[in-house]
Number of protein chains: 2
Amino acid sequence: MIKLSTKGRYGTRLMVNLARRQRLGSEAVILKSVAEEEGISIRYLEQIIIPLKINKLVKSIRGAGGGYCLGRKAEDIKICDILKALEGTCSLVECVEDDQFCEKTSTCGAYEIWKGATDLLRNYFESVSLEDILEIGNKKTAAAKRKAKPK
Amino acid sequence: MIKLSTKGRYGTRLMVNLARRQRLGSEAVILKSVAEEEGISIRYLEQIIIPLKINKLVKSIRGAGGGYCLGRKAEDIKICDILKALEGTCSLVECVEDDQFCEKTSTCGAYEIWKGATDLLRNYFESVSLEDILEIGNKKTAAAKRKAKPK
DNA sequence: TCTATTACAACATATTTTTATAGGATTTAT
DNA sequence: ATAAATCCTATAAAAATATGTTGTAATAGA
Ligand code: FES
Ligand code: FES
């Protein structure tokens with residue numbers, strides 16, 4: 001399949017969780033609480049957050065009372081940034097990035113198709129920010145609550 | 001990364017190769033020759049072609065003088081058909097297909113984003129046929145030849 | 001200063017999935 | 001009968017996914 005890796009998916013959820021908690025007033029969010037809320041192993045999240053930190057998408061605060069916070073404003077962090085940090089590139093096939101990868105790039109018709117799809121995806125993911133996701137999530141949560149507790 | 005599996009990529013090249021050779025007049029194309037032309041292990045191609053056969057994208061002719069041919073006209077086979085046959089679905093994340101996959105689908109903002117991206121990709125891959133890829137490949141090959149042998 | 005908390009680092013290990021190769025059985029044209 | 005193909009099953013190798021262990025370093029607060 002064309003599959004987003006779990007790293008990409010978990011990493012995004014991690015970032016959204018950070019963004020939401022930060023918005024609610026938390027200074028630094030500890031990873032353990034994210035792991036519990038999202039139901040993801042903290043050990044795995046520890047591995048995932050390393051590249052996010054290297055790419056300055058999150059900042060860490062060590063010691064008691066420490067934790068993580070967003071590296072910049074939620075509206076300035078695009079999904080594409082997260083995926084790139086976690087997976088190196090944001091392309092569908094390697095030959096799009098590295099024309100030595102397949103031997104017959106110069107005559108391969110499929111190449112243009114993969115490239116077209118990659119561009120499509122990249123544009124899309126460059127247009128969506130953490131802020132946007134947060135917004136959608138809030139609306140869904142509110143709707144779910146209205147449904148659960150009808151007055 | 002968001003990565004097209006090698007199955008999807010090899011399967012597409014296999015289908016394009018079949019289409020091209022069929023166009024050139026071959027009745028049945030033997031897998032061994034595809035494997036050699038494309039530089040892919042014949043054993044691996046044998047596994048890849050099974051779901052293509054099950055989904056009637058190719059027909060097989062057993063025995064000596066046998067081989068494979070397209071199940072229908074190249075213009076009626078879309079990339080999406082190939083990918084679906086090879087990978088089950090054509091979605092970026094499982095939760096898009098199966099709302100039990102993630103627990104918090106009802107409040108997850110990222111879900112809509114993955115769904116949006118999946119729809120984008122699916123539309124694109126539904127719009128591209130084997131015929132289209134063949135066409136692009138032919139043009140590229142012609143251009144490469146002109147460059148190699150300037151009169 | 002002491003203690004609890006938290007990030008950070010370096011591993012090791014296990015499981016699952018993907019990718020790839022191998023051997024042989026079956027079918028069929030000649 | 002024989003050679004040429006597909007077909008079928010098993011296995012190996014590699015990568016992705018996930019958990020576990022054992023620490024060290026930094027910091028807030030008592
Ligand atoms: S160049 Fe990579 S699939 Fe054709
Ligand atoms: S519902 Fe699957 S990532 Fe949110």
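In the text below, chain A, chain B and the rest are named by the order of the sequence lines, each starting its count at 1.
The side chain of B:K3 places no N or O atom within less than 4.0 Å of a non-bridging phosphate oxygen (OP1 or OP2) of D:dA15. OP1 or OP2 of C:dA20 has at least one side-chain nitrogen or oxygen of B:Y10 nearer than 4.0 Å. Not one side-chain nitrogen or oxygen of A:K32 sits closer than 4.0 Å to the OP1 or OP2 atom of C:dT5. Residue A:Y44 places none of its side-chain N or O atoms closer than 4.0 Å to OP1 or OP2 of C:dT15. Listed pair A:T6 / D:dA16 fails the phosphate criterion, with no side-chain N or O lying under 4.0 Å from OP1 or OP2. Considering only side-chain N and O atoms, B:S41 lies nowhere under 4.0 angstrom from the phosphate OP1 or OP2 of C:dA20. The phosphate of D:dT6 has neither OP1 nor OP2 within less than 4.0 Å of any side-chain N or O from B:S60.
A salt bridge does not link B:K73 to B:E131: none of the charged side-chain nitrogens sits closer than 4.0 Å to a carboxylate oxygen. B:R72 has a carboxylate O that lies under 4.0 Å from a charged side-chain N of B:D81, or vice versa, which qualifies the two as a salt bridge. A salt bridge links B:E38 to B:R13: at least one charged side-chain nitrogen sits closer than 4.0 Å to a carboxylate oxygen. Classification of B:K115 and B:E112 as a salt-bridged pair fails, no side-chain N sitting under 4.0 Å from a carboxylate O.
Residue-level contact check: A:K59 touches neither bases nor backbone, having no heavy atom under 4.0 Å from any strand. Across all strands, B:L31 comes closer than 4.0 Å only to sugar-phosphate atoms, never to a base (heavy-atom distances). When heavy atoms are screened at a 4.0 angstrom cut-off, A:I61 is found touching the sugar-phosphate backbone but no base atom. Looking at heavy-atom distances under 4.0 Å, B:I49 makes no contact with the nucleic acid at all.
Whole-Å rounding puts the A:I48 CD1 to D:dT17 P distance at 9 Å. With rounding to whole Å, B:R62 atom CZ is found 12 Å from D:dA4 atom C1'. Atom OH in A:Y68 sits roughly 12 Å away from atom P in C:dT6 (whole-Å rounding). Per the geometry, CG belonging to B:L52 stands 12 Å off P belonging to D:dC7, to the nearest Å. In this entry the distance linking CD of A:Q47 with P of C:dA10 reads 13 Å, nearest Å. To the nearest angstrom, P of D:dA15 lies 17 Å from NZ of B:K7. Taking atom CD of B:E94 as the reference point, atom P of C:dT16 lies 16 Å away to the nearest angstrom. As a whole-Å value, the separation of B:E27 CD from D:dA5 P is 15 Å.
Remark: of the listed residues A:I79, A:N138, A:I77, A:I79 is the sole one forming a side-chain contact (heavy atoms from CB on, under 4.5 Å) with A:I133.
In terms of position on DNA chain D, the residue among B:I50 and B:I30 whose nearest nucleotide sits closer to the 5' end is B:I30. DNA chain D is contacted by both A:R43 and B:I42; B:I42 maps to the nucleotide lying nearer its 5′ end (nearest heavy atom per residue).
At a cut-off of 3.5 angstrom, the base of C:dT6 holds no donor-acceptor pair with the side chain of A:E46.
A side-chain donor-acceptor contact under 3.5 Å links A:N17 and A:R21.
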